[in-house]
Amino acid sequence: LCDRRQRQMCIRDRDKDKSRHFETYKLLGENIRARRQNMKISQEELAFRVSSARNYIGCIERAEKIPSITIILDIAGALGWTIIDLFTKN
């Protein structure tokens, strides 16, 4: 178990990592939104397909949350894309 100080350091490191890779997460979110809208499915439908919450999908699309590799793979599969497609500029 982590003590409070260790947890705060983990949060700072995560936030620092997020800002360092913000453009990557922004691209990921933009590609997810574009593909989802192209397929004419809602955030709610995508969330259902990947066993997630609708608001979480919205946060990913706006680059507010950092999704795990598992959820990225699930989203790619639900959209009929590869993980590479999600990180490729169109």
Side-chain angles (χ1 to χ4, degrees):
L1 293 175
C2 297
D3 65 16
R4 184 178 179 164
R5 184 171 178 223
Q6 287 173 320
R7 280 193 305 268
Q8 288 172 336
M9 288 173 59
C10 290
I11 290 169
R12 278 195 302 269
D13 289 345
R14 182 192 67 211
D15 291 344
K16 193 184 311 176
D17 186 54
K18 181 178 178 185
S19 65
R20 188 177 71 196
H21 298 290
F22 178 76
E23 292 303 317
T24 302
Y25 296 121
K26 185 176 171 188
L27 175 64
L28 173 66
E30 289 169 353
N31 285 343
I32 290 170
R33 176 174 283 144
R35 178 66 172 169
R36 177 182 59 75
Q37 290 175 340
N38 190 1
M39 293 176 68
K40 298 182 182 358
I41 62 172
S42 65
Q43 288 179 344
E44 187 173 13
E45 175 62 24
L46 179 57
F48 177 77
R49 292 181 185 191
V50 299
S51 301
S52 185
R54 182 204 52 80
N55 63 331
Y56 186 58
I57 298 298
C59 288
I60 294 170
E61 289 182 353
R62 292 185 303 275
E64 295 172 356
K65 297 283 185 182
I66 301 172
S68 68
I69 188 69
T70 303
I71 195 77
I72 293 170
L73 288 167
D74 289 345
I75 289 171
L79 296 175
W81 272 6
T82 67
I83 194 168
I84 294 169
D85 296 325
L86 290 178
F87 289 97
T88 302
K89 290 183 183 181
N90 295 328

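Owing to the predicted nature of the structure, the values given are computational and were not obtained by experimental measurement.
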Colleague: With rounding to the nearest 0.5 Å, note down the distance linking CD in Glu44 to OG in Ser52.
Modeller: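 The distance works out to 12.0 Å.
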Colleague: Does one hydrophobic cluster hold both Phe22 and Leu28, with members joined at side-chain heavy-atom distances below 4.5 Å?
Modeller: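 Different hydrophobic clusters.
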Colleague: Quick one: does Glu45's side chain get under 4.5 Å of Met39's, heavy atoms only?
Modeller: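 Counting from C-beta outward, Glu45 and Met39 never come under 4.5 Å.
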Colleague: Could you tell me which non-hydrogen atom of Ala53 sits nearest to which non-hydrogen atom of Ala47, and how far apart they are?
Modeller: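 Between these two residues, the closest heavy atoms are C-CB, 3.6 Å.
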Colleague: Count the heavy atoms of every other residue, nucleotide or ligand shown that sit under 6.0 Å from CZ of Phe48, and state whether that count exceeds 12.
Modeller: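 No, not enclosed.
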Colleague: If every non-hydrogen atom of Ala78 is compared with every non-hydrogen atom of Leu46, which pair is closest and at what distance?
Modeller: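 The pair with the smallest heavy-atom distance is CB-CD1, 3.8 Å.
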Colleague: Would you say Leu73 and Phe87 are hydrophobically clustered, going by side-chain heavy atoms of ILVMFWY under 4.5 Å?
Modeller: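 Same hydrophobic cluster.
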Colleague: Report yes or no: does Arg62 contribute a side-chain atom to a donor-acceptor pair with the main-chain N or O of Gly58 at less than 3.5 Å?
Modeller: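 Checked: pair present.
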Colleague: Please tell me whether Ile41 and Ile71 are part of a single hydrophobic cluster in this structure, the criterion being side-chain heavy atoms less than 4.5 Å apart.
Modeller: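 Yes.
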Colleague: Are any of the side-chain heavy atoms of Arg33 and Glu30 separated by less than 4.5 Å?
Modeller: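 Of all side-chain heavy-atom pairs linking Glu30 with Arg33, none is under 4.5 Å.
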Colleague: Hey, quick one: are Ile60 and Ile69 part of the same hydrophobic cluster, counting side-chain heavy atoms closer than 4.5 Å, chains of contacts allowed?
Modeller: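 Linked, Ile60 and Ile69 end up in one cluster.
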Colleague: As an exercise, state the distance from CG of Asn31 to CD of Glu61, rounded to the nearest 0.5 Å.
Modeller: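 Rounded to the nearest 0.5 Å, the CG-CD separation comes out at 10.5 Å.
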Colleague: Should Asp74 and Thr70 count as side-chain neighbours, where that means a heavy-atom distance under 4.5 Å?
Modeller: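 They are in side-chain contact.
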Colleague: Hey, any chance Tyr25 and Ile72 share a hydrophobic cluster, counting ILVMFWY side chains that come within less than 4.5 Å of each other, even indirectly?
Modeller: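 Cluster IDs for Tyr25 and Ile72 differ.
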Colleague: Answer yes or no: are there more than 12 heavy-atom neighbours, outside Gln37 itself, under 6.0 Å from its atom CD?
Modeller: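 Check passes, neighbour count above 12.
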Colleague: Just by distance, with hydrogens left out, do Thr88 and Asp85 show a side-chain donor and acceptor under 3.5 Å apart?
Modeller: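 No pair is found: no donor N or O on one side chain lies under 3.5 Å from an acceptor on the other.
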Colleague: Might you work through the side-chain contact (heavy atoms from CB on, under 4.5 Å) test for Leu86 and Ile32, ending with a clear yes or no?
Modeller: CA-CA 7 Å; Leu86 290 178; Ile32 290 170; 3.8 Å; yes
Colleague: Stepwise, does the side-chain contact (heavy atoms from CB on, under 4.5 Å) test hold for Ile57 with Ile75?
Modeller: CA-CA 9 Å; Ile57 298 298; Ile75 289 171; 4.1 Å; yes
